[in-house]
2 protein chains.
Amino acid sequence: MISQTEENYLKALWNLTSSKGEASVNELSKQLDIKMPTVNSMMKRLAEKGLVHYESYKPLKLTDKGKRLAALIIRKHRLTEMYLVEKMGFGWEEVHDIAEQIEHIQSPAFFEKMDELLGFPKVDPHGSPIPDRNGKVETEQYIRYIKLSDCKEGDTVTFMAVSHSSDELLKFLNSRDLSLGSKIKVKSIEPFDESMTVSYAGRKAEMLSNKVCDKLLVRPA
Amino acid sequence: MISQTEENYLKALWNLTSSKGEASVNELSKQLDIKMPTVNSMMKRLAEKGLVHYESYKPLKLTDKGKRLAALIIRKHRLTEMYLVEKMGFGWEEVHDIAEQIEHIQSPAFFEKMDELLGFPKVDPHGSPIPDRNGKVETEQYIRYIKLSDCKEGDTVTFMAVSHSSDELLKFLNSRDLSLGSKIKVKSIEPFDESMTVSYAGRKAEMLSNKVCDKLLVRPA
DNA sequence: GTAATATGTTAGACTGATCTAACAAAATTA
DNA sequence: TAATTTTGTTAGATCAGTCTAACATATTAC
Ligand SMILES: [Mn+2]
Ligand SMILES: [Mn+2]
Ligand SMILES: [Mn+2]
Ligand SMILES: [Mn+2]
């Protein structure tokens with residue numbers, strides 16, 4: 001069996017390795033705020049269990065089994081976030097911490113029921129894809145999204161997802177009425193700090209810093 | 001802070017002490033299926049934390065603080081059971097094991113939301129009272145309930161709650177269409193084994209063993 | 001009232017999950 | 001290349017939560 005602690009390591013590693021396919025002990029240590037020696041010995045344990053490829057001084061990788069298991073935990077996390085927003089009336093900025101706990105509930109029936117009641121959603125409230133029952137994740141469209149910060153003046157795009165969303169960013173977006181699906185037009189880009197002035201439903205000219213634009217994933221028109 | 005493990009001990013002790021006000025290490029050990037020395041040392045820890053009155057060779061009692069805390073966990077458990085049945089469509093026999101896990105979620109907002117969406121229910125799906133936000137439990141009516149097995153021939157009663165319900169008992173009741181609120185009339189009692197023949201909505205003559213009748217709490221007409 | 005049984009406690013071991021201190025290897029800088 | 005810094009590993013400690021074995025006290029049976 002796999003403990004709640006082990007699940008959190010797996011999930012963190014899954015997130016870190018999603019781009020390059022591998023991650024360092026150091027990165028994982030920072031991500032989890034757990035000291036390197038602790039992470040190191042946990043990696044050996046997960047290697048014993050066939051979930052991680054571990055070799056001294058080499059980068060960490062998930063095995064196929066580890067990837068699948070991690071994706072199934074992510075699935076529970078994202079289904080939960082969607083359920084909390086859609087069925088319980090929470091705001092998208094309130095659900096991550098609750099989902100962080102509920103993702104560890106052991107009850108297939110519970111998550112199947114959520115999935116059903118939600119009508120088998122494909123994405124969570126932040127636009128991240130929900131892995132399927134087998135741990136497969138639909139990256140097709142998702143990987144085609146680009147950062148708003150990479151757009152040019154005059155571009156018109158659709159706001160599709162928030163990457164690595166903090167409560168603060170989500171609250172900021174709330175305050176500007178900027179939500180998933182919004183059509184955003186880039187009116188101008190300030191050369192000095194790359195801040196953007198954009199317009200969208202109900203907002204003629206809203207200024208967004210580069211730090212914000214860097215977190216908004218959009219689909220070109 | 002209090003761990004999930006500690007919460008389970010508190011809750012078990014709360015259940016055991018609900019009648020006599022005290023319980024033995026041995027009883028608690030059996031209840032939790034954890035060996036006596038383990039229970040013993042945990043009781044000392046909880047005493048340190050001001051949650052249990054512990055004295056060598058004396059029966060265990062909860063402190064007021066311990067009672068309140070236990071009741072708040074029970075509150076989360078019972079609200080969850082009610083939510084799963086009323087809002088997610090689970091059967092009353094399916095919800096205990098899920099609630100056993102969800103009761104440990106740390107998020108006041110989550111349980112407040114459940115409570116609201118349910119319209120502030122007073123009892124769980126098995127008829128047990130839900131403690132209020134302060135850990136006070138409404139025993140007024142509940143303690144007046146009697147066992148069906150203590151009724152006499154000719155009595156007419158209302159089925160109000162199931163005590164210490166196992167999945168098996170609940171499934172049995174499902175199979176007989178016997179649910180909370182049913183008006184039950186005791187038609188006859190077999191002197192040999194005290195089994196009862198009863199009638200209720202849609203059932204003319206249903207035989208219930210003494211073991212079953214002992215678990216059904218009813219309100220006299 | 002003693003013997004037998006049941007219950008409770010102490011001691012000591014083990015595993016999981018964490019840490020710090022010290023050392024080793026790899027990467028970076030000079 | 002040599003020195004310095006960063007990253008990774010090993011060793012050993014600690015705490016929570018569990019166990020078994022041994023001993024102590026209380027309860028029950030005779
Ligand atoms: Mn999240
Ligand atoms: Mn988590
Ligand atoms: Mn229950
Ligand atoms: Mn529990």
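Chain A is the first sequence line, chain B the second, and so forth, proteins listed ahead of strands; every chain is numbered from 1.
Interface residues of residues 10-22 of chain B facing DNA chain C, ordered by number: none; criterion, heavy-atom separation under 4.0 Å.
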I would like to know whether A:Q101 and B:Q106 meet side-chain contact (heavy atoms from CB on, under 4.5 Å); could you show each step before the answer?
-> CA-CA 8 Å; A:Q101 299 177 65; B:Q106 300 295 324; 3.7 Å; yes

Step by step, work out the ring pair (Phe, Tyr, Trp, His ring centres under 6.0 Å) result for B:H96 and B:H77.
-> CA-CA 8 Å; B:H96 179 80; B:H77 181 103; 4.8 Å; yes

side-chain hydrogen bond (donor to acceptor under 3.5 Å, both in side chains) between B:D124 and B:W92, intermediate numbers included | CA-CA 9 Å; B:D124 80 7; B:W92 67 346; over 6 Å; no

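Residue B:E48 contributes atom CD, which lies 11 Å from atom P of D:dA16 at whole-angstrom precision. Atom-to-atom, NZ of B:K58 to C1' of C:dG8 comes out at 13 Å; the value is rounded to the nearest Å. In this structure, the CD atom of A:E27 is 9 Å from the P atom of D:dT7, given to the nearest Å. What separates CG of A:L46 from C1' of C:dG16 is a distance of 12 Å, to the nearest Å. Put simply, CG on A:L32 is 13 Å from C1' on C:dT18, counting in whole angstrom units. One interatomic measurement links the two molecules: CD of A:E55 to P of D:dT7, which rounds to 21 Å at whole-angstrom precision. Protein atom CG of A:N26 is 18 Å distant from nucleotide atom P of C:dA25, rounded to whole Å. A:E6 places its CD atom 14 Å from the C1' atom of C:dT18, with the value rounded to the nearest Å.
Remark: side-chain polar atoms of B:T139 are not paired, donor with acceptor, to backbone N or O of B:Y142 under 3.5 angstrom.
Test B:H104, B:E100, B:Q31 against B:K11 for side-chain hydrogen bond (donor to acceptor under 3.5 Å, both in side chains) and you get one pass: B:E100.
Salt bridge B:K76/B:E81: absent, no basic N to carboxylate O contact under 4.0 Å. A salt bridge does not link B:E194 to B:K211: none of the charged nitrogens lies less than 4.0 Å from a carboxylate oxygen.
Note on A:Y9: every side-chain N or O is 4.0 Å or more away from OP1 and OP2 of C:dG16.
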Could you list all N or O pairs between the protein and nucleotides 19-24 of chain C that sit under 3.5 Å apart?
from	atom 1	to	atom 2	distance (Å)
C:dC19	OP2	A:K35	N	3.0
C:dC19	OP2	A:T38	OG1	2.9

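Within a 6.0 Å sphere centred on NZ of A:K49, other residues, nucleotides and ligands contribute more than 12 heavy atoms.
Residue-level contact check: A:K44 touches the backbone only, with heavy atoms under 4.0 Å from sugar-phosphate atoms and none from bases.
How far CG of A:L10 is from CG of A:N15: 11.0 Å, rounded to the nearest 0.5 Å.
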